[in-house]
Chemist: 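Before we start, here is the structure in question, set down as structure tokens.
Predicted, not measured: the structure shown is a model, and the values here were computed from it.
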Amino acid sequence: MEISLTKGASEGPTKLNAFDNALLDAKIGNVNLIKVSSMLPADVTVVPMPELKPGEMTNCVLAHQYSDNPGDEISAVLAFARAKEMGCVIELTGINKTVDELEEEARFMAEYMIEKRELEFLDYKSIIQTHTVKNKASVVAALIYHNPIRH
């Protein structure tokens, strides 16, 4: 199975528009996102984000944060840890947290999920999207599961 990590940030006139604009910035604004839980198969391969067909049903793990408080630093994190048998995905958001704080928390959670399953940790990957709010803003970070057959 192939997956991609993507992220985006944007402002908008309303909460919904800010979120939609952040999805567009992440290149996932024209598909139907189906939120799934946080497990990866053993044979997963990370690939660059491909162009998705408008209207496509797209499975994802999604983290998103919104704020309408000018000056807030909003963040969305998507991370995963892998073992030979499987992988575990976490999503995390924050307001006015440092990138280091977010990265430390995300890595802890992902590694803990592997340990709890009594598996041996192999590797870890994360993406973090931050944005300083001007008016109304949203950030997203997503792991996209690709359909096995693309036309």
Side-chain angles (χ1 to χ4, degrees), residues 1-41 44-82 86-117 121 123-148 150:
M1 168 184 279
E2 294 180 341
I3 61 170
S4 295
L5 299 175
T6 188
K7 61 185 182 173
S10 192
E11 299 275 334
T14 69
K15 182 177 184 177
L16 176 65
N17 295 126
F19 176 61
D20 184 54
N21 291 342
L23 292 174
L24 287 169
D25 187 48
K27 309 291 188 263
I28 54 175
N30 293 329
V31 297
N32 294 295
L33 297 174
I34 303 165
K35 289 178 82 173
V36 297
S37 63
S38 308
M39 299 296 119
L40 296 174
V44 72
T45 302
V46 181
V47 299
M49 188 68 189
E51 187 172 326
L52 301 174
K53 181 180 173 185
E56 184 175 343
M57 303 303 267
T58 305
N59 291 329
C60 73
V61 179
L62 180 70
H64 62 92
Q65 182 66 58
Y66 168 82
S67 175
D68 59 4
N69 185 32
D72 275 352
E73 183 77 13
I74 58 175
S75 305
V77 182
L78 207 293
F80 65 87
R82 288 195 286 191
M86 66 182 294
C88 299
V89 183
I90 69 93
E91 62 274 1
L92 175 66
T93 62
I95 299 178
N96 298 321
K97 289 188 173 184
T98 69
V99 169
D100 288 343
E101 288 172 320
L102 293 162
E103 181 61 39
E104 183 179 332
E105 188 175 351
R107 187 173 183 110
F108 170 81
M109 291 190 300
E111 288 184 10
Y112 176 82
M113 289 174 74
I114 293 293
E115 288 175 17
K116 185 67 176 173
R117 288 164 175 78
F121 172 82
D123 66 354
Y124 170 84
K125 183 161 181 66
S126 69
I127 58 169
I128 300 175
Q129 178 68 63
T130 63
H131 179 79
T132 303
V133 177
K134 293 177 188 76
N135 189 14
K136 294 179 172 113
S138 193
V139 291
V140 297
L143 181 144
I144 304 297
Y145 296 82
H146 298 297
N147 295 328
R150 301 191 75 73

Chemist: Which atom names give the shortest non-hydrogen contact between G12 and A18, and what distance separates them?
Modeler: N-CB, 3.8 Å
Chemist: Minimum heavy-atom separation for F19 to V140, with atom names?
Modeler: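 Reported closest heavy-atom pair: CE1-CG1, 3.7 Å.
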Chemist: Flag the pair V139 / T130 as yes when at least one side-chain heavy-atom distance between them is below 4.5 Å, and no otherwise.
Modeler: no
Chemist: Minimum heavy-atom separation for A9 to Q129, with atom names?
Modeler: CB-NE2, 3.6 Å
Chemist: At what distance, to the nearest 0.5 angstrom, does CG of D123 lie from CD of E111?
Modeler: 10.5 Å
Chemist: Any donor and acceptor pair, going by atom type alone, linking the side chain of N32 with main-chain N or O of G55 inside 3.5 Å?
Modeler: yes
Chemist: Count the heavy atoms belonging to other residues, nucleotides or ligands that lie under 6.0 Å from CD of E104, then report whether that count exceeds 12.
Modeler: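 Atom CD in E104 is not packed in, count stays at 12 or less.
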Chemist: For I114 and Y124, run side-chain contact (heavy atoms from CB on, under 4.5 Å): C-alpha distance rounded to whole Å, both residues' side-chain angles, the deciding distance at 0.1 Å, then the answer.
Modeler: CA-CA 11 Å; I114 293 293; Y124 170 84; over 6 Å; no
Chemist: Can you tell me how far NZ of K27 sits from OG of S4, rounded to the nearest 0.5 angstrom?
Modeler: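 Interatomic distance, S4 OG to K27 NZ, rounded to 0.5 Å: 13.0 Å.
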Chemist: Is K125 close to L5 at the side-chain level, that is, under 4.5 Å between some pair of heavy atoms?
Modeler: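 With C-beta onward as the side chain, the pair touches.
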Chemist: Compare every heavy atom of V61 with every heavy atom of S37, then report the nearest pair and how far apart it is.
Modeler: O-CG2, 3.5 Å
Chemist: Is the shortest side-chain N to carboxylate O distance from D68 to K136 below 4.0 Å?
Modeler: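 Salt bridge between D68 and K136, a charged N being under 4.0 Å from a carboxylate O: no.
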Chemist: Taking the side chain as everything from C-beta on, heavy atoms only, tell me whether V31 gets closer than 4.5 Å to M57.
Modeler: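 With C-beta onward as the side chain, the pair stays apart.
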Chemist: When rounded to the nearest 0.5 angstrom, what distance separates CG in L24 from CG in N30?
Modeler: 5.5 Å
Chemist: Within a strict 4.5 Å, meaning less than it, do heavy atoms of the I74 and V133 side chains meet?
Modeler: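 Counting from C-beta outward, I74 and V133 do come under 4.5 Å.
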Chemist: Side-chain contact test, heavy atoms from C-beta onward, threshold under 4.5 Å: evaluate it for T58 versus Y145 and give yes or no.
Modeler: no
Chemist: So, the side chain of T6 versus the backbone of A26: is there a donor-acceptor pair under 3.5 Å, distance only?
Modeler: yes
Chemist: How about E73 and T132: does a side-chain donor come under 3.5 Å of a side-chain acceptor?
Modeler: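 Side-chain D/A pair, E73 to T132: present.
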Chemist: Give a yes or no answer on whether the side chain of R82 reaches the backbone of V44 with a donor-acceptor pair at less than 3.5 Å.
Modeler: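 Pair found, side chain donor or acceptor close to backbone of V44.
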Chemist: Regarding H64 and S138, is there a side-chain donor-to-acceptor distance under 3.5 Å anywhere?
Modeler: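 Side-chain D/A pair, H64 to S138: absent.
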Chemist: Say you draw a straight line from CG of L16 to CG of N21; how long is it, rounded to the nearest 0.5 Å?
Modeler: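 Reported to 0.5 Å precision, the distance equals 9.0 Å.
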Chemist: Indicate whether the side chain of E103 and that of S126 have a donor and an acceptor atom separated by less than 3.5 Å.
Modeler: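 On atom types as modelled, these side chains qualify, holding a pair under 3.5 Å.
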Chemist: For a 4.5 angstrom cut-off between non-hydrogen side-chain atoms, does V89 reach L40?
Modeler: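 Yes. Closest side-chain heavy atoms under 4.5 Å.
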Chemist: Can you name the nearest heavy-atom pair linking A76 to A63, along with the distance?
Modeler: CB-O, 3.7 Å
Chemist: Regarding N17 and D20, do their side chains bring together a donor and an acceptor under 3.5 Å, going by distance alone?
Modeler: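 No pair is found: no donor N or O on one side chain lies under 3.5 Å from an acceptor on the other.
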Chemist: So how far is it from E56 CD to I34 CD1, rounded to the nearest 0.5 Å?
Modeler: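 So the gap between those two atoms works out to 9.5 Å.
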Chemist: The test is side-chain contact (heavy atoms from CB on, under 4.5 Å); show your working for S75 and Q65 and say whether it passes.
Modeler: CA-CA 6 Å; S75 305; Q65 182 66 58; over 6 Å; no
Chemist: Is any side-chain N of the basic residue among K97 and E105 closer than 4.0 Å to the acidic one's carboxylate O?
Modeler: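 So K97 pairs with E105 through a salt bridge.
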Chemist: Between E11 (side chain) and N135 (backbone), is there a donor-acceptor pair under 3.5 Å?
Modeler: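 The answer is yes, because a donor-acceptor pair under 3.5 Å joins these two groups.
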Chemist: Hey, are the side chains of M86 and R117 touching, using non-hydrogen atoms and a 4.5 Å cut-off?
Modeler: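 Sidechains of R117 and M86: in contact.
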Chemist: Taking T98's backbone N and O only, do any of them form a donor-acceptor pair with E101's side chain (distance below 3.5 Å, no angle check)?
Modeler: yes
Chemist: How many angstroms lie between atom CD1 of I144 and atom CG of L52, to the nearest 0.5 angstrom?
Modeler: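 Result: 6.5 Å between the selected atoms.
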Chemist: Would you sort out whether E91 and L62 count as a side-chain contact (heavy atoms from CB on, under 4.5 Å), showing the intermediate values?
Modeler: CA-CA 7 Å; E91 62 274 1; L62 180 70; over 6 Å; no
Chemist: I want to check something: taking the side chain as every heavy atom from C-beta on, are H146 and P50 in contact at a cut-off of under 4.5 Å?
Modeler: yes
Chemist: Heavy atoms only: give me the nearest S10-A22 pair and the separation to one decimal.
Modeler: CB-N, 3.6 Å
